[in-house]
> 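Quick one: structure below, then a few questions.
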Amino acid sequence: MTQYILGIETSCDDTAAAIVAEDGRVLSAVTASQIDIHAQYGGVFPELASRAHLTSMLPVVDEVFRAADLTHKDIKAIGVTRGPGLIGSLLVGLNTASALGLGWGIPVIGVNHLRGHLRSVDLNEKRVEYPAIILLVSGGHTFLAHMDEAGEITYLGGTRDDSVGEAYDKVGRMLDLPYPGGPKVDRLAKTGEINIPFPRPMLNEGLEFSFSGLKTAVSKYLRKTADPKHEDIAASFVDAVIDVLMTKCRRALKNNPAKSLVVVGGVAASPQLRAAAGQLCTDLDVKLCLPPLKWATDNAAMIGLAAWDYVKLGLEYDPIPQVRLPIHEY
Ligand code: KG4
Ligand code: ZN
């Protein structure tokens, strides 16, 4: 009998569950979004996020089984995000998974949220050819890494301050765009001209990033310009971000063995970033691997697929540095 993994993700403001097969097929996925709750605050309000997860979690799990026409007897293990994320939000998912695992007599696998993003690219279809360079760009993190066939990850460099998603969201707020700003900045950028020379921090050396200076440059420009054109600011900001990201990806691809470039995390939903990464990969003759749009931002399917890796490879710990949490991982 085929068996599946139930993935659960509650690290931030989405209550999500999905049922995933070993080969990455997603049988069903259900997400309860909290955007309406947080929009009035211009960002995620952690206490309200935890409370909303509590209300939505079990109905979301019920619905994911109904949508797949399966029962818990079809589930081999539960994969749940163990961090990083908002602790109150994580606890709702972790406690729910622990209780269900205990009741159903199946293992519960704590999955690193970032490893989930890394695996999002193989959902529904195996895309990555190893070795690969990975660019992870989300709301909480930004880094480059090298990944081999066995899932071994070597960290190459990350941001010294803001993540790319954070920079997008903060610029979105400066431009009076509603939360979450990232996708709206992209949309506005398409209508503007790239005519403001925003800085490209740390462009000429290494694989580290810094985005707080760029964000400050946008804020200063807004303050000192009499009649600022928001669409030109958005277009010039997006251009600066993508220039930095692609320059670093090019450097990483040239200095490391790689058959693929994998771009994951919420910002991988950006059409501008997807297009620029496509151009870079054509230039360097490597395969571009992107998650399908709906799996770029937070979801439970990626957590389910990452949990399969833990089951198959018997990984004892998650090798992504700096983000290891003191929670036991199977
Ligand atoms: O991976 P994700 O859903 O959550 C975290 O793990 O942080 O990423 C969320 C981030 C937010 O900052 C959001 O604004 C950004 O991804 N984002 C985008 C786009 N869609 C989501 N940024 C730029 N362009 C987009 N289309
Ligand atoms: Zn995420």
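Quantities reported herein were computed from a predicted structural model and do not represent experimental measurements. Heads up: numbering here begins at 1 and tracks the sequence. One-based numbering, in listed order, for ligands and for the atoms of each.
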> How far is atom 2 (P) of ligand 1 from its nearest protein heavy atom, and which residue and atom name does that atom have?
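Result: Asp298 OD1, 3.2 Å.
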> Report the atom name of the nearest N/O/S atom of His113 relative to the Zn ion (ligand 2).
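The nearest such atom is NE2.
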> Is there at least one pair of N or O atoms, one from Gly265 and one from ligand 1, spaced under 3.5 Å apart?
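N/O-N/O distance under 3.5 Å: no.
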> Going by distance only, is there an N or O of His117 that falls short of 3.5 Å from an N or O of ligand 1?
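Yes - when backbone and side-chain N and O of His117 are compared with those of ligand 1, one distance drops under 3.5 Å.
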> Are Val164 and Leu288 joined in one hydrophobic group, where the rule is that I, L, V, M, F, W and Y side chains link up if heavy atoms are under 4.5 Å apart?
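Yes, Val164 connects to Leu288 through the hydrophobic network.
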> Among protein heavy atoms, which lies nearest atom 10 (C) of ligand 1, and at what distance?
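Nearest neighbour among protein heavy atoms for atom 10 (C) of ligand 1, to 0.1 Å: Gly139 N, 3.5 Å.
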> So, regarding Pro271 and ligand 1 (criterion: nitrogen or oxygen to nitrogen or oxygen, under 3.5 Å), is there a contact or not?
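Between Pro271 and ligand 1 (N or O atoms, distance only) the closest approach is not under 3.5 Å.
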> With the Zn ion (ligand 2) as the point of reference, which N/O/S atom of Asp298 is the closest?
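This turns out to be OD1.
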> Does the gap between the ring centers of Tyr168 and Phe237 come in under 6.0 Å?
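Centroid separation for Tyr168 and Phe237: below 6.0 Å.
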> Show the atoms of ligand 1 that are less than 4.0 angstrom away from any heavy atom in Thr297.
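Answer, ordered by atom number: 3 (O), 21 (C).
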> Do you reckon Phe211 sits in the same ILVMFWY cluster as Ile194, going by side-chain contacts under 4.5 Å, direct or chained?
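In one cluster: no.
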> So if I count the atoms of ligand 1 from 1 in the order they appear, which ones are less than 4.0 Å from some heavy atom of Gly140?
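Under 4.0 Å from Gly140, ligand 1 has these atoms: 7 (O).
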> Between His117 and the Zn ion (ligand 2), is there a contact where an N/O/S atom of the residue lies under 2.8 Å from the metal?
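Checking His117: at least one N, O or S atom is under 2.8 Å.
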> Nearest 0.5 angstrom please: Thr142 OG1 to Leu245 CG, how far?
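It is 7.5 Å, given to the nearest 0.5 Å.
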> Do the charged groups of Asp239 and Arg200 touch, with an N to O distance under 4.0 Å?
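Answer for the salt bridge query: yes.
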> Of all the atoms in ligand 1, which lie at a distance below 4.0 Å from a heavy atom belonging to Gly165?
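Near Gly165, meaning under 4.0 Å from one of its heavy atoms, ligand 1 has 12 (O).
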> Ion pair present between Lys126 and Asp23, side-chain N to carboxylate O less than 4.0 angstrom?
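Salt bridge absent between Lys126 and Asp23.
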> Have a look at His53 and tell me which of Thr96, Thr10, Thr15, Asp13 forms a side-chain hydrogen bond (donor to acceptor under 3.5 Å, both in side chains) with it.
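Between His53 and the candidates, side-chain hydrogen bond (donor to acceptor under 3.5 Å, both in side chains) is satisfied uniquely by Thr15.
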> Side chain, backbone, both or neither: which part of His113 has a heavy atom under 4.0 Å from ligand 1?
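Under 4.0 Å from ligand 1, His113 contributes side-chain atoms alone.
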> Would you please determine whether Cys12 falls within less than 4.0 Å of ligand 1 on a heavy-atom basis?
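Not so, Cys12 does not reach ligand 1.
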> When you group the ILVMFWY residues by side-chain heavy-atom contacts below 4.5 Å and let the links chain together, are Leu188 and Val241 in the same group?
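Result: yes, single cluster for both.
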> Can you hop from Phe209 to Val185 via hydrophobic side chains spaced under 4.5 Å?
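Result: yes, single cluster for both.
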> Return the residue, atom name and 0.1 Å-rounded distance of the protein heavy atom closest to atom 17 (N) of ligand 1.
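For this ligand atom, the closest protein heavy atom is Gly266 O, 3.6 Å.
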> Hydrophobic cluster membership, with links at side-chain heavy-atom distances under 4.5 Å among I/L/V/M/F/W/Y: are Phe143 and Val267 in one?
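No; Val267 is not reachable from Phe143 via cluster members.
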> Any ion pair linking Asp283 and Arg250 (charged N to carboxylate O, less than 4.0 Å)?
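Yes, charged N to carboxylate O under 4.0 Å.
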> Which one of Val264, Asp186, Asn299 has a non-hydrogen atom at the shortest distance from atom 23 (C) of ligand 1?
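Nearest option to atom 23 (C) of ligand 1, by heavy atoms: Asp186.
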> Looking only at protein heavy atoms, which one is nearest to atom 14 (O) of ligand 1, and what is the separation?
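Of the protein heavy atoms, Asp169 OD1, 2.6 Å lies nearest.
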> Measure the distance from atom 22 (N) of ligand 1 to every protein heavy atom, then report the residue, atom name and distance (to 0.1 Å) of the closest one.
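Ranked first by proximity to atom 22 (N) of ligand 1 is Gly182 CA, 3.6 Å.
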